[in-house]
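First the structure, in the form of structure tokens, and then the observations on it.
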Amino acid sequence: MNFAYSDEQRMLADTLERLVADQAPTETDALHGEPSPLWGTFAELGLLQLPFTEEAGGLGGDGIDVMIVMQALGRGLVREPYLAGLLLPGTLLARLADAPQRERWLAPLLEGELRLALAWQETAARYDAHAIATCARRQADGWIIEGAKQVVIAAPSATALLVSARVDDGTLGVFLVPADSPGLERRDYPTLDDQIASDVQLKGVALPHDARLGEDAAEALAEVLALGRAALCAEAVGAMEAACDQTLAYLKERRQFGTPLASFQVLQHRMVDMHLNLEQARSMAILAAASLERPSDERDYRVAAAKAYCGEAARFVAEQAIQLHGAMGMTEECRISHYARHLVMFDHHLGDVDHHLEFVSEGLSAA
Amino acid sequence: MNLEFTAEEQAFRREVRDFLATGLPDDIRERVRLGRRLSADDHLRWQDSLSVRGWLGVNWPQEHGGPGWGPVERHIFEEECAAAHAPTIVPFGVSMVAPVIMKFGSETQKRHYVPRILSNQDWWCQGYSEPGAGSDLASLRTRAVRDGDEYVVTGQKSWTTLGQHANMMFCLVRTDPEAKKQAGISFLLIDMETPGISVRPIITLDGAHEVNEVFLDEVRVPVANRIGEEGQGWTCAKFLLTHERTGIAGLGHAKQALRHLKSVALEIQHRGRPLLEQPHFRQRVVKAEIELMALEVTHLRVLAAARDGGAPGAESSLLKVRGSELRQELSELTRRALGPQALPFFPDHLYGDQELEREEAEHAALGAQYFNRRKLSIYGGSNEIQKSIVAKTLLGM
Ligand SMILES: Cc1cc2nc3c(=O)[nH]c(=O)nc-3n(C[C@H](O)[C@H](O)[C@H](O)COP(=O)(O)OP(=O)(O)OC[C@H]3O[C@@H](n4cnc5c(N)ncnc54)[C@H](O)[C@@H]3O)c2cc1C
């Protein structure tokens, strides 16, 4: 057993820490359209290649490497769509695409020349990636996609969407749909956690034969969503760290009744509870990251457990961070409120506490 | 023991309900229902309607133009208003400064201010908190220096709710820097038009403009605007706090929030069935429901005691703690019920004129509302402070 980072990982963590430390908060407006200068820096540092296999043109990073990146981004509250615009669509693409498809989409993605988004979610299906209504019909000259996807994170900045759809033979298909395809309508909006997203209508979108990535994509999608969930947990841990640090600093600095808030025992204990939640969540995020290569049953069980745990922990930390800052914590101006929104809304990405508890309880072993 | 309302009380409830059916403008009702911003005019239209009916001074005695209700009637009124999506009466004039003026003000002050509050001529805001004085209110530093018939006031107030609409502020100021903390404080009424006052918005984490900073730079306030004696401000403030705490459990709001949660969870689907039927989620709702049942009876016990002459003391702290926790939990469950749909944020719809599709508008406010409700455990004496009050006064710890 060894919880230490390798030398390379140590360096990666240090580099990222420096990078995010002097980042100004990203404006959601800036998340539309062209990749920002920071995205270019990500490309230079190899962060865009890191999570992909060497065979796919990447650096062969593992779950722990992804965890290191996401934790740093969470800590710095960097809202660049590393997960939604790169990691999720990119790993699915790498997993399913043939050589020409990779050439066309994956290579420029890894170079930072374009971004993608994964359109898997339909609100009628809540967080279930399989119970979807969007369908793909085979035509003589290709495919027709019909349906709608909701809250597709990072879609406004994506050149193309990876769209999941039920194919007429009953399999789950993933299709590469260029954002400017006729019949694709997007409505963009900011989210409560300072990201951008879209609701997407697909009205008889016609695609060529080679728009489908691989064959049945069910297992690949499950794998990618597991990676995404583990990554989100790591990001939340980073944000919890920052929220705990800032709250602690505030308690030491803010004085009421002639003494620092930090001297009140009830607040000390609360702070300890926040810290305890952080450390437990960190353990679960590590467990999830380290389980991504396991057989799918075991992987999904642990990842669901981690996502459920981190959801509760993140909410606790967020709520207490606001509470202990008093009215100050309620303001847009104070950074802690942005962390709090991020940590609370974490639960609405890739399945909430209830969703994952349901999954874990279905798989609970009696022993 | 009998937990039922009397026949008169039930008749009163019907009377309130009938009034709300016609006295509350539909457009305002709809904005409250959807959690959209209310303009100053919305508040005034509703309060004018109440004023005409003789129901604005909910906690006032009849001699001042109030309806003369007891605590039980007030409770019924608040509950019905929340159920009908009526705006909350802006409390600063009616429920806060008016009782102070009635109790400590001079005859001239009463004759001038009280009728103006009842006719919505003045919009009051509360200038208590300062950047350095929150829970420890008595450490406030805004200075008032006597100069002939005037005080010259300099300092800063913060978190001033709806100060952007106010033309009057009641303010705690330090008139004697030498005296012991509480003893050097006076209670002043300040016209917001006076030169030297500037109001700056503070945007909260839900994107709303509810609170403000108020800067006072050598603002000249007539000594005649002081309530009570110099140095008696703390007594006024404490008296006011007891008024602030009636209805603090927010029971009517909690009941409305629970109804709303159930309707959302019935409509949202989970695996082809209403989310409310999902056992885990359902149990969360059930727990909130039972907590609310308990809170209602506790609340009624406190009300009955108040009706029979006891002044609610630390009991109202208990109601505030549990009431705010429950309302926060209900807003959490409602946000959770929405699933991915809780993420979109439409500030221009909530706080501006942008219109959304019907279905979208139904849910648009719920995510932001969860964040807004965090204030319930912070303002009006934070929950930590309330618990300290209970520990000290009720439990003798
Ligand atoms: C939305 C909103 C509207 C408001 N409107 C108004 C208004 O109109 N007028 C006005 O005057 N004020 C208003 N307030 C201010 C409100 O009264 C203060 O926020 C409140 O008194 C708490 O003070 P603070 O925010 O400075 O927090 P602090 O006093 O700094 O407290 C920070 C944290 O420390 C805790 N704490 C402090 N002291 C102790 C202690 N002794 N023991 C244990 N824990 C402690 C608190 O509970 C809190 O969790 C408003 C606040 C909000 C959020």
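Here is how names work: the chains are called A, B, and so on, in the same order as the sequence lines, proteins then strands, and each is numbered from 1.
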Under a 4.5 Å cutoff for heavy-atom pairs, which residue among A:R315, A:Q121, A:H325 has the most contacts with chain B? A:R315

Distance check, rounded to the nearest 0.5 Å: B:Q341 atom CD versus A:Q150 atom CD? 7.0 Å

Examine distances only and state if a side-chain atom of A:Q323 and a backbone atom of B:S377 form a donor-acceptor pair shorter than 3.5 Å. yes

Please find the pair of heavy atoms, one from B:L338 and one from A:R126, that lie closest to each other, and give the distance. C-NH1, 4.0 Å

More than 12 heavy atoms of other groups within 6.0 Å of B:R200 CZ: yes

Heavy-atom pairs under 4.5 Å with chain A: which of B:D206, B:L275, B:I268 has the most? B:L275

For A:F257, which atoms come within 4.5 Å of any heavy atom of chain B: side chain, backbone, both, or neither? both

Testing the basics here: between A:M330 and B:F371, what is the closest heavy-atom pair and its distance to 0.1 Å? CE-O, 3.9 Å

Engaged part of B:A138 at the chain A interface, taking heavy atoms whose separation is under 4.5 Å: neither

Given that the side chain runs from C-beta out, which part of A:A327 has a heavy atom under 4.5 Å from chain B: side chain, backbone, both or neither? both

When rounded to the nearest 0.5 angstrom, what is the spacing between NE2 in B:H363 and OG1 in A:T123? 10.0 Å

Between A:E332 and B:H209, is there a side-chain donor-acceptor contact under 3.5 Å, judged purely by atom types and distance? no

So which of B:K375, B:K181, B:H270 has the largest heavy-atom pair count under 4.5 angstrom toward chain A? B:H270

Portion of B:L343 that has a non-hydrogen atom of chain A nearer than 4.5 angstrom: both

Relative to chain A, which of B:P347, B:G367, B:S135, B:S139 shows the most heavy atom pairs under 4.5 Å? B:S135

Do you know which of B:I203, B:V211, B:N372 has the most heavy-atom pairs under 4.5 Å to chain A? B:I203

Check this for me: A:E333, atom CD, are more than 12 non-hydrogen atoms of other residues, nucleotides or ligands nearer than 6.0 Å? no

Between B:R336 and A:H348, is the side-chain hydrogen bond (donor to acceptor under 3.5 Å, both in side chains) condition met? List the steps. CA-CA 8 Å; B:R336 186 188 289 264; A:H348 294 261; over 6 Å; no

For B:E359, look at atom CD and say whether over 12 heavy atoms of other residues, nucleotides or ligands are found less than 6.0 Å away. no

Specify which of A:L357, A:V353, A:T331 makes the most heavy-atom pairs with chain B at under 4.5 Å. A:T331

Would you mind checking which part of B:P279 comes under 4.5 Å of any heavy atom in chain A, side chain (CB onward), backbone (N, CA, C, O), both or neither? neither

What heavy-atom pair brings A:D354 and B:R284 nearest, and what distance separates the two atoms? OD1-NH2, 2.7 Å

Under 4.5 Å from any heavy atom of chain B, what part of A:L350 do you find: side chain, backbone, both or neither? neither

Would you confirm whether B:D136, through its side chain, and A:Q256, through its main-chain N or O, come within 3.5 Å as a donor-acceptor pair? no

Between B:Q328 and A:E319, is any side-chain donor less than 3.5 angstrom from a side-chain acceptor? no

Under 4.5 Å from any heavy atom of chain A - which part of B:I385: side chain

Does this structure show an ion pair linking B:R271 with A:D128, if we count only N-O contacts that are shorter than 4.0 Å? no

Please check if the distance between the ring centroids of B:F345 and A:Y189 is under 6.0 Å. no

Non-hydrogen atoms of B:A368 and A:L192 that approach each other most closely: N-CD1, 3.8 Å

Under-4.0 Å salt bridge between B:E360 and A:R187: yes

Assert top hit (heavy-atom pairs under 4.5 Å, partner chain B, pool A:M328, A:R255, A:H338) equals A:M328

To check you understand the geometry: which heavy-atom pair defines the closest contact between A:G329 and B:L205, and what is its length? O-CD1, 4.3 Å

